Amino acid sequence: MKAKFLLNLTALIALTVFASGCNGQKNNTTATETTTEAEPVGPKFNPDSAYAYTAAQCEFGPRTMNSDAHEKCGEWIIGKFKQYGCEVQTQKADLKGYDGTILKSTNIIASTNPSAQRRIMLCAHWDSRPWADNDPDSANHKKPVMAANDGASGVAVMIEIARLLQADSTLNIGVDFVCFDAEDWGVPTWETNVQDSGDSWALGSAYFSKNLPAGFNPEFGILLDMVGGEGANFYKEGLSNRYAPDIVDRVWAASKAAGYGSYFPDQEGGMVTDDHYPLNENAKIKTIDIIPYYPGYGGSSFGPTWHTINDTMEHIDRNTLQAVGQTVIQVLYTL
Ligand code: AHN
Ligand code: ZN
């Protein structure tokens, strides 16, 4: 693998300040400033397009497991990836929720350039959480989450990338877009008798990690989780740093080269049990998680709308979608 970073650290601005001292002698002071020049490569990510794909999913209503909106949205997602030239397969399974509910789960796998040996996985979950159990008003805890950010945003960024890849024939590698189902049926906060050991989440990706489609072998993966929220910053997530530090460094460097480094602080955030965990642990596919971290916010480190009834289009910011989308494009085009 060739690590080629288009990071240009050589823009040196020399400021020479001449000052006269009271004795008439000249003082010559030189200050040196280093800046990082952005060098974006690849097609331009269209934030309006990604925003529209986010809204389109929300228009079905909350895509909670076993619901009609979920079924219809799944068909819509498949149709979009097909429209943009991907080969699409589905992986269906009946999975058991923490409460015994049978969840009719469908993972959607959409591939560009199927004959390419060298492949990268992009992934996101597409189901909505059935309970807004982190809402400040407990009267809302049993209402479903619209999941504009926590669900639709990651899928939308992937669909926009699929559109761009179809229009651009210069990329020789293949991309496997995987939409995981049944991520967000994790133990709700009101279930004080049920212990949340972490394994009630990410059921679709756990199943996928133990039942990989034939020949599925990407070099690494990037999970997009809540990539459209206003005010989001993406700190280096702990499990990503543990399993795939080289991929984390590559993606964070790409964010700077793409011109979006301000969204990706070079600091570690929390550790999150998410869809990348089973991929790393079971399938041994190095996968990192791009997930927001709000260090100053008390309500949730994932931000103010997480698992609340306010996770709606009103709180989706096109600039966040663009920062993540253009960073991922940068990674794909600098491999
Ligand atoms: C846990 O709360 C254990 N994981 C969060 C994963 C998640 C939920 N991502 C989006 N929704
Ligand atoms: Zn969630």
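Just so you know, ligand 1 is whichever comes first in the structure, and atom 1 is the first atom listed for that ligand. Note that the coordinates shown come from a computational prediction; the quantities given were computed from them, not determined experimentally.
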Is there a donor-acceptor contact under 3.5 Å linking the side chains of [X] and [Y]?
| X | Y | value |
| --- | --- | --- |
| Q267 | Y293 | no |
| D181 | H70 | yes |
| H125 | D127 | yes |
| D176 | S111 | yes |

What protein heavy atom sits nearest [atom], and how far off is it?
| atom | result |
| --- | --- |
| atom 9 (N) of ligand 1 | D225 OD2, 2.8 Å |
| atom 5 (C) of ligand 1 | T273 O, 3.7 Å |
| atom 6 (C) of ligand 1 | E183 OE2, 3.2 Å |

Quiz item: Are K143 and P130 close enough that some pair of their side-chain heavy atoms sits under 4.5 Å apart?
Solution: no

Quiz item: Mind checking whether R163 and I159 have side chains closer than 4.5 Å, heavy atoms only?
Solution: no

The Zn ion (ligand 2) - name of the N/O/S atom of [X] that sits closest to it:
| X | answer |
| --- | --- |
| D184 | OD2 |
| H307 | NE2 |
| D150 | OD2 |

Quiz item: Which atoms of ligand 1 sit under 4.0 Å from any heavy atom of M226?
Solution: 9 (N), 10 (C)

Exercise. Using distance alone, determine whether D150 and ligand 1 share an N or O pair under 3.5 Å.
Key: yes

Quiz prompt | Heteroatom proximity flag, W201 to ligand 1, N/O under 3.5 Å | solution =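 Checking ligand 1 against W201, no N or O pair falls under 3.5 Å apart.
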
Self-check item: Heavy atoms of other groups near Y277 OH, more than 12 under 6.0 Å
Solution: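 Atom OH in Y277 is not crowded, with 12 or fewer foreign heavy atoms closer than 6.0 Å.
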
Quiz item: Taking non-hydrogen atoms only, is D184 closer than 4.0 angstrom to ligand 1 via side chain, backbone, both or neither?
Solution: side chain

